[in-house]
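Beneath this line is the structure, given in C-alpha cells, with notes to follow.
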Amino acid sequence: MIEQTTMIGNFVLFGPPGSGKGTQATRLAQSLQLEHLSTGDLFRQAVQNKTPLGLKAKEYMNAGKLVPDDVIIPMVEERLLQLDSSQGFLLDGFPRTIPQAEQLDQFLKKQNRSINKVLWIDATDEICIERLCNRSSCSQCGAIYNAMTQPPKQENICDQCQSPLRVRDDDKSKTVAHRLKVYRQESAPLVEYYKSSHRLFWVDGSKNPEIVFKSLENML
Ligand code: AMP
C-alpha cells in the first residue's frame, strides 16, 4: 500500500475485454486513492435500475457492441464534473474509440486537467476468451472471480460479502468473440493515439494478477 498525500494524476486503464482491467482498476484506485470510474459498471447499474439510459445501453451490451459515442461521452463528462478535482481519477473502459479520446482530451483541457498516463494491459484473444468464459462477479460488491484461477471459497458465493455470484450476460461465448472483434477494430487504434503523445505504458496482461498489479503500481 502506498501512502498518498498529493494528487498523482489522471489515468486510463486500457486493454481488451478479459485483460483484467476491472480487477486491476479496483485495486489501484484503492491503493493510490484515485477516483475509479468504470463505464461498464455505470451501464450495468443503469440496466439493473431499468433507467432510460440502461434500457438504451442494454441492447448494445448484450450484443457485444459499443454504446454509441453520443450516449456515452456526455455521461462520462457529467461524471467527471462531479469528481473532486483535487483527487486524481482512474478511467476503466473509457475511452474506447478515437472520438471518445479526442473529446476527453478537449473536455479536460478546458478545465486545465489532462490524462497523464494510459496503462495498456495487453493480452491475446486466447487468454481473454479463457478468462471471460470462466468469469463470475458478485451481484452486490462487484468482486471478480475466475473458476479456474481464482475460485470463490464457497461455490457461487462471494468471499467478501457472501452475496450470490452471477455471470455477465455479455460473457457468453458468442458475445465474447464479438467484443474482442470490436476491440481490435474500434479500440486498438487508441494505441497509436496515445503513443504519439507519449502517454502510453505497456503491461503484459498474460501474467498473474499480482505481477500485473505491481507493474502498474510502479508505473503510476
Ligand atoms: P466493460 O465492463 O468495460 O467490458 O463494458 C461492458 C459494455 O459496456 C461494453 O461491451 C459496451 O457495450 C459498454 N461500454 C462500456 N464502456 C464503453 C465505452 N467507452 N464506449 C462504448 N461502450 C462502452
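Order of appearance sets the numbers: ligands from 1, and atoms from 1 within every ligand. Worth saying up front: this structure is predicted, and the values here are computed from it rather than measured.
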Per-pair distances, 0.1 Å, donor-acceptor, side chain in residues 62-81, under 3.5 Å, sequence neighbours excluded:
residue, atom, partner, partner atom, Å
Asp69, OD1, Thr97, OG1, 3.4
Asp69, OD1, Gln100, NE2, 2.8
Asp69, OD2, Thr97, OG1, 3.4

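- Closest non-hydrogen pair, Val12 versus Phe94, comes out as CG1-O, 3.7 Å.
- Following chains of ILVMFWY side-chain contacts shorter than 4.5 Å, one cannot reach Phe43 starting from Ile144, and the two form parts of different hydrophobic clusters.
- Here Ile157 sits alone; no ILVMFWY side chain lies under 4.5 Å from its own, so it joins no hydrophobic cluster.
- The stretch residues 139-194 participates, sequence neighbours left out, in these ring pair (Phe, Tyr, Trp, His ring centres under 6.0 Å) pairs: Phe14-Tyr183.
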Starting from the N and O atoms of ligand 1, find every protein N or O within less than 3.5 Å and list the pair with its distance.
residue, atom, partner, partner atom, Å
ligand 1, 2 (O), Arg44, NH1, 2.9
ligand 1, 2 (O), Arg44, NH2, 2.9
ligand 1, 2 (O), Arg168, NH1, 3.4
ligand 1, 2 (O), Arg168, NH2, 3.3
ligand 1, 3 (O), Arg96, NH1, 3.0
ligand 1, 3 (O), Arg96, NH2, 3.2
ligand 1, 4 (O), Arg96, NH2, 3.2
ligand 1, 4 (O), Arg168, NH2, 3.2
ligand 1, 12 (O), Lys65, O, 2.6
ligand 1, 16 (N), Thr39, OG1, 2.8
ligand 1, 16 (N), Gly93, O, 3.3
ligand 1, 16 (N), Arg96, NH1, 2.9
ligand 1, 19 (N), Gly93, O, 2.8
ligand 1, 19 (N), Gln100, OE1, 3.0
ligand 1, 20 (N), Gln100, NE2, 3.0
ligand 1, 22 (N), Val67, N, 3.0

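- A salt bridge does not link Asp125 with Lys181: none of the charged nitrogens is closer than 4.0 Å to a carboxylate oxygen.
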